[in-house]
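All chains are named by letter (A, B, ...) in the order of the sequence lines, taking the proteins before the strands, and each is independently numbered beginning at 1. Heavy-atom basis, side chains included; hydrogens, waters and symmetry copies ignored.
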Protein chains: 4
Amino acid sequence: MPILGPNQYGKAENRVVKITRNGATHHIRDLNVSVSLSGDMDEVHHRGSNAHVLPTDTTKNTVYAFAKEYGVESPEQFGIHLARHFVTSQEPIHRARVRVEEYAWERIEHAGQGAHSFVRKGQETRLAQVTYDGSSWEVVSGLKDLTVLNSTDSEFRGFVRDEYTTLPEAHDRVLATDVSARWRFNWTGDERQTPAWDASYAQVKDHLLRAFAETYSRSLQQTLYAMGTRIIDHRDEIDEVRFSLPNKHHFLVDLEPFGMENDTPDGAVYFAADRPYGLIEATVLRDGCEAKIPADLTNL
Amino acid sequence: MPILGPNQYGKAENRVVKITRNGATHHIRDLNVSVSLSGDMDEVHHRGSNAHVLPTDTTKNTVYAFAKEYGVESPEQFGIHLARHFVTSQEPIHRARVRVEEYAWERIEHAGQGAHSFVRKGQETRLAQVTYDGSSWEVVSGLKDLTVLNSTDSEFRGFVRDEYTTLPEAHDRVLATDVSARWRFNWTGDERQTPAWDASYAQVKDHLLRAFAETYSRSLQQTLYAMGTRIIDHRDEIDEVRFSLPNKHHFLVDLEPFGMENDTPDGAVYFAADRPYGLIEATVLRDGCEAKIPADLTNL
Amino acid sequence: MPILGPNQYGKAENRVVKITRNGATHHIRDLNVSVSLSGDMDEVHHRGSNAHVLPTDTTKNTVYAFAKEYGVESPEQFGIHLARHFVTSQEPIHRARVRVEEYAWERIEHAGQGAHSFVRKGQETRLAQVTYDGSSWEVVSGLKDLTVLNSTDSEFRGFVRDEYTTLPEAHDRVLATDVSARWRFNWTGDERQTPAWDASYAQVKDHLLRAFAETYSRSLQQTLYAMGTRIIDHRDEIDEVRFSLPNKHHFLVDLEPFGMENDTPDGAVYFAADRPYGLIEATVLRDGCEAKIPADLTNL
Amino acid sequence: MPILGPNQYGKAENRVVKITRNGATHHIRDLNVSVSLSGDMDEVHHRGSNAHVLPTDTTKNTVYAFAKEYGVESPEQFGIHLARHFVTSQEPIHRARVRVEEYAWERIEHAGQGAHSFVRKGQETRLAQVTYDGSSWEVVSGLKDLTVLNSTDSEFRGFVRDEYTTLPEAHDRVLATDVSARWRFNWTGDERQTPAWDASYAQVKDHLLRAFAETYSRSLQQTLYAMGTRIIDHRDEIDEVRFSLPNKHHFLVDLEPFGMENDTPDGAVYFAADRPYGLIEATVLRDGCEAKIPADLTNL
């Protein structure tokens, strides 16, 4: 008889918006929360017995109730409340994983009363994943869809050539990517103080951007590694960073048939291609630490 | 025999990135350009004769060549160069319509040399549509995907009730929408000075946001109208504005089964719904002007 | 003071699934329904008075109630029930437009009891738009995302060449497109028998496909016109067809650098490009009829 | 100093269409191919030296050249050709992973000459992933976006209730999901005959669908397990199957306020919800085998 392997279940993509009122000044946290539970679940797979199954509808209710009860201090802290609850309150649940996406808003400047008007920032999506097995915590934070571009200080030369290689060397190219990154905290236990999640996030994003901008790039791999080392070197709370960086190709358009030189010193016209794209993926680790973030970064 | 009705053709979604170098300071304009040509095109439809057909590949080449030759001063001005070219250089082409999407970038602050590092802003997409028939111009600009939210100062009461009405009145609700707007300029002819396109765009966006924030809303229609009148009243160069505003419902979650009151005075928890959504669409016109923007706003 | 121009409102994208049981044999209709109402709506825009506003929540309720009361005979017939209801039951509503998307399902063959298992077909999305102003009907049906490809019998030659033209002539190319089509019925009044909507749809789709396959194509415009005339010639109930056909370019890959000939007689390897794409749009009319379908086909 | 962890690179989403001509009868294979290479890549990350880097542009060229040279017998076989090539021809490359999406086409019936007209089937996307490390093979095939629905023979009862549980028991509900599945073959070495990839795929899809249809479901977990065991029991070439099944909720609409009973025996009206959704994920294994498919199924 076939065997049941690793499994989990829960309610995905609960869209929670929490408004906090401080007089006429309101604050907003806008989340997409997904819960995955695992544990003693053989019976429901084998025979459809739900005696160990807390309904996914209940996990959804809990998300909304906890947003009221505990508020949303940060995506990570909110995930910790939820993960702890499921593992400690349900005997058959041995592990909970909570994933959170957060969408940032900024205030609209205006002449009216109060401060309760917002426009969605629209830049990257912030990510957090909290996993708890009843004794130990793993928190991985991240971001996706942060699109960056250097219009110079990038080259690609000295590469291997085989019988299928036609690419000329590039001495001055556009380097652009949609940063998808995940970083793992070394906080694992309740006996230690939790990191300042929001401040940590802001710092990591800042380091990412600066490392991207300040690195003269001989390959996207080098830029990736510079971004990762910058984070590991500056943020003690983080032991591991993984990136998935599509190389968003910007091809210099050949304008010679029209009697024009499309040279970079003078500024240039590029075709921004969709597919295919180079895809560079790597993990950067604090020395002595183990890689735990999976090779494939998922959307949530 | 069936008759050929209105028709047009061209190359859609040409992704053009123009980098301008001013020493170590670079500037970027990032466009998606679509060209549609119409004119004396019966033969190609009836018999497949391409004797009047400038290839769509050529319209693509022209977009790139013009980005080099004329630069990209603004999406509108770039569209004007292109539309004029096709109508004046090709006898069978009687009308050209150029649509442009523009994606905004902002500079990355860093400690390195030069200013050639950018991060995509990621907020709204700017839109421009330029139409030329050889004698008269129509320019419609716009934006899409500008998501805004008021966490109070919105109600919905006093509405019609019929046998299918179950909605309770709302005295304090969240009002949120993704603004999609198009505005038509009254500039139509070469003898008049063109508007300052970039400055006009920035002003219109600002008016939109402020009108949204400053309006106490009894219905999304009222907010829409306030946004439109604000633009017409403040921007002499614009005669018509059309909006398509999805009412992005934020439902107050019922937490009573869990012994909690989810009251707005104290801050509240909302479920942000995807579908269905209310959809409010209307045109606001300068007195004496005619509505020309089509009822259905398209993506590009 | 600015003037209110054309406007409409309603609930969009109501996802309705209707299951009908005929003993152990079930039938499914899977719809996405959007309602837009217009009429005497100045007050809600000017002053936020909702005295004429039937809530969009009510239009949603009506959609679900009508699916139960009248069933879903066809998207068009369902739209007729709804549009008639809003215009005749609400004095301020002068016009109703109902748009319907339908997703097709097919039965799963199996050894079990009954016939209530389905797999989504996944091909094109069927569309219907019904508009009623209290006296006259307009029904436009359509489809989108029907992707077709001819691997030969397509060429592109004899076109105009200007200074920006570099395209070589093509004597044997792949022709592929995602068909988006809308067709207008000449049924306008209750005194006439309605068309057999489902049978008509199946016939039109069949004619489209056959005309695409049977036309030796000298340009995509010619193929478009052949598809339109085929429908007008064979379907008396239809007076107008409009197409929006992206030319999904399949470029023959240059394999010469690798010592290979990528010739079509022997079969060939193509790069299927995303953007840019040619975009061919045209209306085909029954002689003596007027073009009423808007130039820009919207998604819904 | 930070340490480089697991890493890979290559060209993603190469869109390859291969047409084979057998006289007037043409055949089409339509693929999206992504290559990821890993090996001795420290230098490019640490110092930007590309001396070990075969350009991603070359991996793209190789994909197209191999489509001509070897043809596309199946996605799996095509992946095997590519993976072997990179590992055996490039000393620094120690492992190659090739992912393939395939889109199915069916023939258009028509009265014309030849058989070279196709319409995209549009149902599920077929997936294959081939990994080679120079000595051993791993092939994981799969599919995504196969949407299925049972309109009865599903219930959900006897579940755990806690303080956040409000869900009533369901005795007759709609069960619908978008099947995303991956299955691992036990073929690992060149000395053994490869499976008949296309026939195997067709059989697995058929078993999936039948198991879904023939299972009276007390929970989606039970249905998942039935689908997995059916494959393991019938397909000797497969040792492991993993599913990710969103529970696409179809809520019975409350029509009582309108004086209607929305009862299932007579057929019923459902609201098809988007988010949130239950998400059920599990692996089913042949007894004695190890779970190797990652917990998170990625899109490609």
Counting only non-hydrogen atoms closer than 4.5 Å, does B/Glu261 touch chain A with its backbone (N, CA, C, O), its side chain (CB onward), both, or neither? backbone
Salt-bridge present (A/Lys248, B/Asp30; N to O < 4.0 Å): no
Please look at B/Ile19 and chain A and tell me whether the side chain, the backbone, both or neither of the residue comes under 4.5 angstrom of a heavy atom of that chain. both
How long is the gap from OH on A/Tyr64 to CG on B/Leu255, to the nearest 0.5 Å? 10.5 Å
Would you give the length of the straight line joining atom CD of B/Glu214 to atom OG of A/Ser117, rounded to the nearest 0.5 angstrom? 8.5 Å
Say whether, by atom type as modelled, one donor and one acceptor occur between the side chain of A/Arg120 and the main chain of B/Asp178 under 3.5 angstrom. no
So for B/Leu149, is it side chain, backbone, both, or neither that comes closer than 4.5 Å to the heavy atoms of chain A? both
Contact class of B/Phe118 relative to chain A, heavy atoms under 4.5 angstrom: both
Please look at A/Ile28 and chain B and tell me whether the side chain, the backbone, both or neither of the residue comes under 4.5 angstrom of a heavy atom of that chain. side chain
I need the B/Met260 CE to A/Phe66 CZ distance, nearest 0.5 Å. 7.5 Å
Of the backbone (N, CA, C, O) and the side chain (C-beta and beyond), which part of B/Phe212 lies under 4.5 Å from a heavy atom of chain A, both, or neither? side chain
Chain A contact via B/Ala268 - which portion, at a heavy-atom distance below 4.5 Å: backbone
Nearest-0.5 Å distance, OG1 of residue A/Thr152 to NE2 of residue B/His26: 5.5 Å
Which bit of A/Val253 is near chain B, if near means a heavy-atom gap under 4.5 Å: side chain, backbone, both or neither? side chain
